[in-house]
Amino acid sequence: MSAPQPPAGPVHVALHTPSHSGMGELLSYACERPLPAGTLVRVPLGAREVLGVVWDADEAPGGLPEGTALRPVAGVLEGLAPLDLPWRRLVAFAARYYQRALGEVALAALPAHLRGLRPEQFARRLRRPTPPADAAAHTLQQSVALTTEQASACARIASEPGPFLLFGSTGSGKTEVYLRCVQEMLQADPTAQALVLVPEINLTPQLEERFAARFGASAVVPLHSGMTGPQRLRSWLAAHSGAARIVLGTRMAVFASLPGLKFIVVDEEHDPSYKQQEGARYSARDLAIWRGREQGAKVLLGSATPSLESWHASRPPTPEDPGGGRYARLHMPSRIGAGALPRVRRVDMSQQPRHAVLSVPLLAAITERVARGEQCMVLLNRRGYAPVLHCADCDWKSDCPHCSAHQVFHKTDRSLRCHHCGHTVRVPRHCPRCGSPDIRPMGRGTEQLEEQLCSLLSEVLRPDRTPVRIARIDADTTRAKGALEQQFAQVHSGAVDVLVGTQMIAKGHDFRRITLVAAVQPDGALFSSDFRAPERLFALLMQAGGRAGRDAVYMAAQGTQCEMWVQSFCPRHAVFETLRTHDYPAFAAQQLRERAQAAMPPFSHLALVRADARTQEVAQGFLSAASAAAHAAALPGLERVTLFPPVPLAIQRVANVERAQMLLESPRRAALQHFLLAWKSVLQATRHDPAHKGLIRWLVDVDPLEI
């Protein structure tokens, strides 16, 4: 028996309107026939015609004024099943929690290409044949035998509700656990679907290849921002219809329409790339947890260096804390098919020659490895040739005219480029201020490191008596389409002896012949004002070190042990002490003690309100006025929320816009959310006060990762 159809009449539609536009969450339109919630429609909005989503009637605005004439729905995207209730609930929760408009989140979650199609165009698109789904009842590639640790993890995932945190050493076989769990789920339910999230686009090809080999290419679709509009629409439709059994993508994929969702994997769950930094500033990892609970899907978070929030949430019960955490922690400490974790060697750079790029012992170690035909990886998390050009005579620096930041010197194209606003100029021949020709680079980026390595290793020969081959991978060398995949393929094939790069090379890649990893300038993060900086540095170095020694057979044939070198002026720092023993639990325990003493996350909950304006005075004035108004109105939840005074951002000015922020802190998440909901209208009213005329925009960032 078919479900009863809603009566014809007004339909309430979510549209892509900003949260502070004053237009309301839903707009009403006339329609001659009933449309179920989740239907995609084209409707007029001013002089435009836009895509909207018909929403649930119980969330519709109050009654319309008598005599109101509603504009009619312009068209319906026929042939597409409505977006289901779990998807609509996910969107509604994300909009509410992250303080954005419902339609803004809903429409941003749909493929941009879909938003531009009229009904007749969409109908033609649907007539194109879609590849049939692979039943996934049997695997195309024979499953490998599980280790004891992997089998134990899979058994617990099958028998417990989760969510799960898979704490596995680099090279411990976490991916095989993902594959096996997805395989068992697909075999048990012919309509089930899985969502696999990765933090960055460059990690999708190799993981997609493994999933496609196991389940068939038609069963797996990618979903990320590196795809063209038609490609993303094709993947989205395959997921929405159930034709795709597995969606593999970056953070945007957490909003994919998956009516049969039964399993979610969040790989490298600690990675900050899961937090959106524009528009609705959602955390894909946190939404995955919420979505799994609401939709009855199991959630598996995986990492060798879990976020402290997830680590704390998976704490085992103790007499003092009998409840323990909300997650089940699974541990896989052993590496599979790999040797031991790399031996960590620390170099005190204060004992090395001044301005040395590489210490004497590290250069000797790289030389020895290359001469034996092994690969080395050198990590420097700063691109460009040098962070700044400097005049020794008048102290001029290559400051960006539009930002409170330096323009980075790029020697390859002889440019000074701001990495914040993109402003680019040619390198001057003389100092613009005093005319002195003595302008020199200060600091070091990957471009300069590559150049200096070429010079330092110019006399070194490989086993076949050919020169050393050095390659650089960073955002500057991978701009062309397909360049990243091509460069990684060269590393995997052995065509590169020394790989230089930023954090792009440190995560998730299965380099089989790298036996030495070096971090040449990691100290900056040790003295950052961001309380998360030590956590990020430890994770980056642990992940980088995990690229070494991943092939035990190769290591045995070479008769060598893998190494990780850390050059530092503070080699005895606690971060490097725990890194030396690869002891993440000890590092996490020490960090959590400090966080608890300072009442920082995960022991408190934060939000940032940011204001952008023509002047810093206007930006801070708006935030101060909004804070004062909140106190004057005694908003609900305020008694449990601390509002700190507004301050400029670390990079105060970007593209001639001044930026300020205000931190909110509460020991209870519910109190913070209650206050933010009540404060939204106050912020909107303060925005329209003539005293804040120079304000450009304001935004709320819930659970911020950068402060």
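Quick note: numbers below take in every heavy atom, side chains included, and nothing from hydrogens, waters or symmetry partners. The first residue in the sequence is number 1, and the count goes up from there.
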**Prompt:** Could you go step by step and tell me if Gln521 and Gln567 meet the side chain to side chain donor-acceptor pair (under 3.5 Å) rule?
**Reply:** CA-CA 6 Å; Gln521 273 186 348; Gln567 296 188 159; over 6 Å; no
**Message:** Is it the case that over 12 heavy atoms from other parts of the model lie below 6.0 angstrom from the CZ atom of Arg372?
**Reply:** yes
**Request:** Flag the pair Asp530 and Arg536 as a salt bridge only when some basic side-chain nitrogen lies within less than 4.0 angstrom of an acidic carboxylate oxygen.
**Result:** yes
**Request:** May I ask you to decide whether Asp399 forms a salt bridge with Lys397, counting only side-chain N to carboxylate O separations under 4.0 Å?
**Result:** no
**Request:** Check whether any side-chain heavy atom of Ser303 lies under 4.5 Å from a side-chain heavy atom of Asp271, and answer yes or no.
**Result:** no
**Shortest non-hydrogen contact between Val468 and Leu457, atoms and distance** = CG2-O, 3.9 Å
**Prompt:** Under 4.0 Å between a Lys/Arg side-chain N and an Asp/Glu carboxylate O for Arg659 and Asp612?
**Reply:** no
**Complete:** Separation between SG (Cys400) and CG (Asn656), nearest 0.5 Å, reads 8.0 Å
**Asked** Can a salt bridge be assigned to the pair Arg610 and Asp701 using a cut-off of 4.0 Å between side-chain N and carboxylate O?
**Response** no
**Prompt:** Below 4.5 Å, heavy atoms only, C-beta onward: do Tyr274 and Leu197 meet side chain to side chain?
**Reply:** yes
**Asked** Among side-chain atoms of Asp474 and Thr502, is any donor-acceptor pair under 3.5 angstrom?
**Response** no
**Request:** Could you check Asp464 against Thr466 for side chain to side chain donor-acceptor pair (under 3.5 Å), going step by step and ending with a plain yes or no?
**Result:** CA-CA 6 Å; Asp464 61 3; Thr466 58; 2.5 Å; yes
**Request:** Could you check Glu309 against Arg532 for salt bridge (charged side-chain N to carboxylate O under 4.0 Å, His left out), going step by step and ending with a plain yes or no?
**Result:** CA-CA 11 Å; Glu309 286 81 1; Arg532 286 192 172 91; 3.1 Å; yes
**Message:** Looking at Thr412, is its backbone amide N or carbonyl O close enough to the side chain of Glu447 to form a donor-acceptor pair, meaning the two atoms are under 3.5 Å apart?
**Reply:** yes
**Message:** Could you measure the distance from the CD1 atom of Ile707 to the OG atom of Ser529? Nearest 0.5 Å is fine.
**Reply:** 9.5 Å
**Message:** If you apply the rule side chain to side chain contact (heavy atoms under 4.5 Å, CB included), what do you find for Tyr282 with Val254, and how did you get there?
**Reply:** CA-CA 10 Å; Tyr282 64 87; Val254 76; 4.2 Å; yes
**Asked** Looking at side-chain heavy atoms only, is the closest gap between Arg100 and Val700 below 4.5 Å?
**Response** no
**Request:** Answer yes when Arg472 and Glu451 have at least one side-chain N-carboxylate O distance shorter than 4.0 Å, and no when they do not.
**Result:** no
**Request:** State, yes or no, whether a side-chain contact exists between Ile366 and Val498 at a heavy-atom distance under 4.5 Å.
**Result:** yes
**Message:** Just to verify, which of Met564, Arg580, His582, Glu563 counts as forming a side-chain contact (heavy atoms from CB on, under 4.5 Å) with Arg343?
**Reply:** Glu563
**Asked** Between Thr578 and Gln590, do the side chains contain an N or O donor and an N or O acceptor separated by less than 3.5 Å?
**Response** no
**Request:** Step by step, work out the side chain to side chain donor-acceptor pair (under 3.5 Å) result for Thr478 and Gln487.
**Result:** CA-CA 8 Å; Thr478 56; Gln487 288 178 283; 5.3 Å; no
**Complete:** Residues Pro522 and Phe576: closest non-hydrogen pair is CG-CZ, 4.0 Å
**Message:** Tell me whether Arg429 at atom CZ has more than 12 heavy atoms from other residues, nucleotides or ligands lying less than 6.0 Å away.
**Reply:** no
**Closest heavy-atom pair and its distance - Ala284, Arg251** = CB-CB, 3.5 Å
**Message:** Using a 3.5 Å distance criterion without hydrogens, assess whether the side chain of Arg346 forms a donor-acceptor pair with backbone atoms of Pro571.
**Reply:** yes
**Side chains of Asp348 and Ser350, donor plus acceptor under 3.5 Å** = yes
**Prompt:** Between Arg417 (side chain) and Gly422 (backbone), is there a donor-acceptor pair under 3.5 Å?
**Reply:** no
**Request:** Step by step, work out the side chain to side chain donor-acceptor pair (under 3.5 Å) result for Ser398 and Gln407.
**Result:** CA-CA 5 Å; Ser398 56; Gln407 286 185 291; 5.9 Å; no
**Fill in**
What one should report as the nearest heavy-atom pair of Leu683 and Ala626 is CD2-CB, 3.6 Å
**Asked** Do Thr515 and Gln558 have side chains that get closer than 4.5 Å, going by heavy atoms?
**Response** no
**Arg285 and Glu268 ion-paired at < 4.0 Å** = no
**Request:** With rounding to the nearest 0.5 Å, note down the distance linking CH2 in Trp236 to CE in Met227.
**Result:** 13.5 Å
**Prompt:** Would you say Arg444 has more than 12 foreign heavy atoms packed within less than 6.0 Å of its CZ?
**Reply:** yes
**Any donor-acceptor pair under 3.5 Å from Tyr584 side chain to Pro306 backbone** = yes
**Fill in**
Given the options Thr446, Thr477, Asp476, Arg383 meets side-chain hydrogen bond (donor to acceptor under 3.5 Å, both in side chains) only with Asp476
**Message:** Any non-hydrogen side-chain atom of Phe409 less than 4.5 Å from a side-chain atom of Ser415?
**Reply:** no
**Asked** Do Gln652 and Ser404 have side-chain atoms, one donor and one acceptor, less than 3.5 Å apart?
**Response** no
**Asked** Taking all non-hydrogen atoms of both residues, which atom of Tyr98 and which atom of Ser283 are closest, and how far apart?
**Response** OH-N, 3.3 Å
**Message:** Is it true that Ser493 and Gln490 share a donor-acceptor pair across their side chains at a distance under 3.5 Å?
**Reply:** no
**Request:** Decide yes or no for Tyr385 and Pro441: does some side-chain heavy atom of the first lie under 4.5 Å from some side-chain heavy atom of the second?
**Result:** yes
**Request:** Could you give me the CA-CA distance, side-chain angles and deciding distance for Cys434 and Cys391, then say whether side chain to side chain contact (heavy atoms under 4.5 Å, CB included) is met?
**Result:** CA-CA 9 Å; Cys434 70; Cys391 174; 3.7 Å; yes
**Item:** Point-to-point distance, once rounded to the nearest 0.5 Å, from NZ of Lys275 to CG of Leu705
**Value:** 6.0 Å
**Prompt:** Is there side-chain contact between Arg281 and Val702, with heavy atoms separated by less than 4.5 Å?
**Reply:** no
**Message:** Can you confirm if the aromatic rings of His419 and His406 lie within a centre distance of less than 6.0 Å?
**Reply:** no
**Test log, rule side chain to side chain contact (heavy atoms under 4.5 Å, CB included), inputs Gln448 and Glu450** = CA-CA 5 Å; Gln448 184 179 170; Glu450 178 191 23; over 6 Å; no
**Asked** How long is the gap from SG on Cys376 to CZ on Arg547, to the nearest 0.5 Å?
**Response** 16.0 Å
**Message:** Let's go through Ile201 and Ser225 carefully: what are the C-alpha distance in whole Å and the side-chain angles of both, what is the deciding distance for side chain to side chain contact (heavy atoms under 4.5 Å, CB included) to 0.1 Å, and is it a yes or a no?
**Reply:** CA-CA 8 Å; Ile201 293 173; Ser225 60; 3.3 Å; yes
**Request:** Report, as yes or no, whether the 6.0 Å neighbourhood of atom CD on Glu209 holds more than 12 heavy atoms from other residues, nucleotides or ligands.
**Result:** no
**Prompt:** Does Arg433 CZ have over 12 foreign heavy atoms under 6.0 Å away?
**Reply:** yes
**Fill in**
Value for CZ (Arg462) from CG (Asp497), rounded to nearest 0.5 Å, stands at 4.5 Å
**Request:** Considering non-hydrogen atoms only, spot the tightest contact between Thr250 and His224 and give its length.
**Result:** OG1-CB, 3.3 Å
**Item:** Salt bridge Glu535-Arg595, side-chain N to carboxylate O under 4.0 Å
**Value:** yes
